> 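So that we are looking at the same thing, I have put the structure below in structure tokens.
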Amino acid sequence: MEPTAYFELNFKPNIALVTVVRRFVSEFYQRFLSDPDGTSRLALATHELLENAVRYSKDGESTIRIDVEDGKPKTVRIVLRNRATQPNIGAIREILDGVAAAPDPTTFYQQLMVKRAGHRSGSGLGLARICAEGEMALTYTVEDNDLVTISAVTSIGERS
Amino acid sequence: MSEIVTVNGDDFAGSGRLDGLTINVSLKGNADYSALDAVEMLLTRAHAEAQRAGTKETVVDLRQLEFMNSSCFQSFVAWINDINELAEGQRYKVKFLSNPNLHWQKRSLHSLRSFAVELVTIVETQ
């Protein structure tokens, strides 16, 4: 289905930009989605994806694209693409393959919180948080050894 | 009431105060990656003072906290874990004051409560 609204941003990795972009996309979500809780979920997912990309990008730019597809419910897709370090690619695989193999995202997230409870640096919770608290389905691909694309999809609003 | 710690960043502010046997912690603004060191300091100082003063409850006011990223959230997980690892008589409760209009708070605080249901309570209030 063709999106009824979308935008795409290319940006040079800069941690200070993450909050700026989150606030901007929150306005976008509020404009197209009459669902404050859904808007909050999407803002959380956008922030965590961006921060992950900025902190672990090898170099060059990150690209974020957000599509809103009309319907009841609406479908929102966030796609983030960047060249990532190999340790980050390994971490993405570990988390998202773990979520896929778990009974449900919340169970995985709770187990990860217990596992990470003694750590004070590098949370490792961001992607699992998107799945559990953000209620978004995450998939990923890796091309050319380091080009990572993460897609986060959710439904927003009433079902017909 | 005595001040334990105050932290300020460009877009984040936090404080901790001892009031009798209760510690009141407040976070305002945007707890993103740039606020991580401040959040960590806030919770570390509050935890140390709680043990020194024999605190029974710490109240954490998030009602003016626009957002918290997963790194700062991890600091809360680690703090709750530290409380849980204290001897039974030294443990103290944590009460979060949350803003129902900031929807992420309900979800994130539910996750924290699930992590330590005996220690964490949540009160929604404007």
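The structure displayed is predicted, hence computed values, not measured ones. Residue numbering restarts at 1 for every chain, and letters A, B, ... go by the order of the sequence lines.
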> Using a 4.5 Å heavy-atom cutoff, which residues in residues 20-33 of chain A come close to chain B?
A/Arg22, A/Arg23

> Output yes when B/Arg107 and A/Asp37 qualify as a salt bridge under the 4.0 Å nitrogen-oxygen rule, no when they do not.
yes

> Is there a path from A/Leu96 to A/Phe108 through hydrophobic residues (I, L, V, M, F, W, Y) whose side chains come within less than 4.5 Å of each other?
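Shared cluster, yes.
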
> Assess whether side chain to side chain donor-acceptor pair (under 3.5 Å) is satisfied between B/Asn69 and A/Glu48, documenting all intermediate values.
CA-CA 7 Å; B/Asn69 76 348; A/Glu48 296 291 358; 5.7 Å; no

> Please determine, among B/Ile80, B/Asp11, B/Val77, the option with the most heavy-atom pairs under 4.5 Å with chain A.
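The residue among B/Ile80, B/Asp11, B/Val77 with the greatest pair count is B/Asp11.
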
> Determine whether B/Ser111 and A/Arg129 satisfy the following criterion, side chain to side chain donor-acceptor pair (under 3.5 Å), listing intermediate values before the conclusion.
CA-CA 9 Å; B/Ser111 299; A/Arg129 189 184 190 202; over 6 Å; no

> Quick check: are there more than 12 heavy atoms from other residues, nucleotides or ligands sitting under 6.0 Å from CZ of A/Arg83?
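It does: A/Arg83 CZ has more than 12 such atoms within range.
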
> Ignoring hydrogens, what is the shortest heavy-atom contact between B/Asn81 and A/Ala117? Give both atom names and the distance.
CG-CB, 3.6 Å

> Given heavy-atom pairs under 4.5 angstrom as the criterion, report whether the side chain, backbone, both or neither of B/Asn84 touches chain A.
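Neither part, no heavy atoms under 4.5 Å.
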
> Show the atom names and distances, to 0.1 Å, of all donor-acceptor pairs under 3.5 Å that link a side chain in residues 137-144 of chain A to residues at least two apart or in another chain.
unit_1, atom_1, unit_2, atom_2, d
A/Tyr140, OH, A/Asp97, OD1, 3.1
A/Tyr140, OH, A/Asp97, OD2, 3.4

> Give, for atom OG of B/Ser108 and atom CG of A/Leu125, the distance between the pair rounded to the nearest 0.5 Å.
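So the gap between those two atoms works out to 10.5 Å.
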
> Can you list the residues that meet the ring pair (Phe, Tyr, Trp, His ring centres under 6.0 Å) rule with B/Phe115, with sequence neighbours excluded?
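By the ring pair (Phe, Tyr, Trp, His ring centres under 6.0 Å) rule, B/Phe115 matches no residue at all.
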
> Which residues, numbered in order, of residues 18-34 of chain B come under 4.5 angstrom of chain A by heavy-atom distance?
B/Asn30, B/Asp32, B/Tyr33

> When hydrophobic residues are tied together by side-chain contacts of less than 4.5 Å, even through go-betweens, does B/Val39 share a cluster with B/Val7?
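B/Val39 clusters together with B/Val7.
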
> Has B/Arg45 got more than 12 heavy atoms of other residues, nucleotides or ligands less than 6.0 Å from its CZ?
no

> Got more than 12 heavy atoms from elsewhere within 6.0 Å of CD, A/Glu8?
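Yes, enclosed.
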
> What part of B/Glu66 gets closer than 4.5 Å to chain A, counting heavy atoms only: side chain, backbone, both or neither?
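For B/Glu66, side-chain heavy atoms alone lie under 4.5 Å from chain A.
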
> So what's closer than 4.5 Å to chain B heavy atoms on A/Glu133: side chain, backbone, both or neither?
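Both backbone and side chain.
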
> Is it true that A/Val99 and A/Val79 fall in one hydrophobic cluster, defined by side-chain heavy atoms closer than 4.5 Å?
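No, because A/Val99 and A/Val79 fall into different hydrophobic clusters, even though each may have its own neighbours under 4.5 Å.
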
> Less than 4.5 Å apart, any side-chain heavy atom of B/Ser114 and any of A/Met113?
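A side-chain contact under 4.5 Å is absent here.
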
> If you count the non-hydrogen atoms of other residues, nucleotides and ligands that lie under 6.0 Å from NE2 in B/His103, is the total more than 12?
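It does: B/His103 NE2 has more than 12 such atoms within range.
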
> Is there a path of hydrophobic side-chain contacts, each under 4.5 Å between heavy atoms of I, L, V, M, F, W or Y residues, that connects A/Leu80 with A/Leu9?
yes

> Could you label the plane-to-plane angle of the A/His47 and B/Phe67 rings as parallel, tilted or perpendicular, counting under 30° as parallel and over 60° as perpendicular?
tilted

> Find out if a path of hydrophobic residues (ILVMFWY) with successive side-chain heavy-atom gaps under 4.5 Å connects B/Leu65 to B/Val59.
no

> Pick one of side chain, backbone, both or neither for B/Asp10, based on which atoms fall under 4.5 Å of a heavy atom in chain A.
neither

> Between A/Ser40 and B/Trp104 (side chain of the first, backbone of the second, donor and acceptor by atom type, cut-off under 3.5 Å), is there such a pair?
yes

> When you look at CD of B/Glu3, are more than 12 heavy atoms from neighbouring residues, nucleotides or ligands closer to it than 6.0 Å?
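Yes - once you tally the heavy atoms of other residues, nucleotides and ligands closer than 6.0 Å, there are more than 12.
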
> Looking at A/Thr39, A/Leu44, A/Ile130, A/Thr19, which makes the most heavy-atom pairs under 4.5 Å with chain B?
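The residue among A/Thr39, A/Leu44, A/Ile130, A/Thr19 with the greatest pair count is A/Thr19.
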
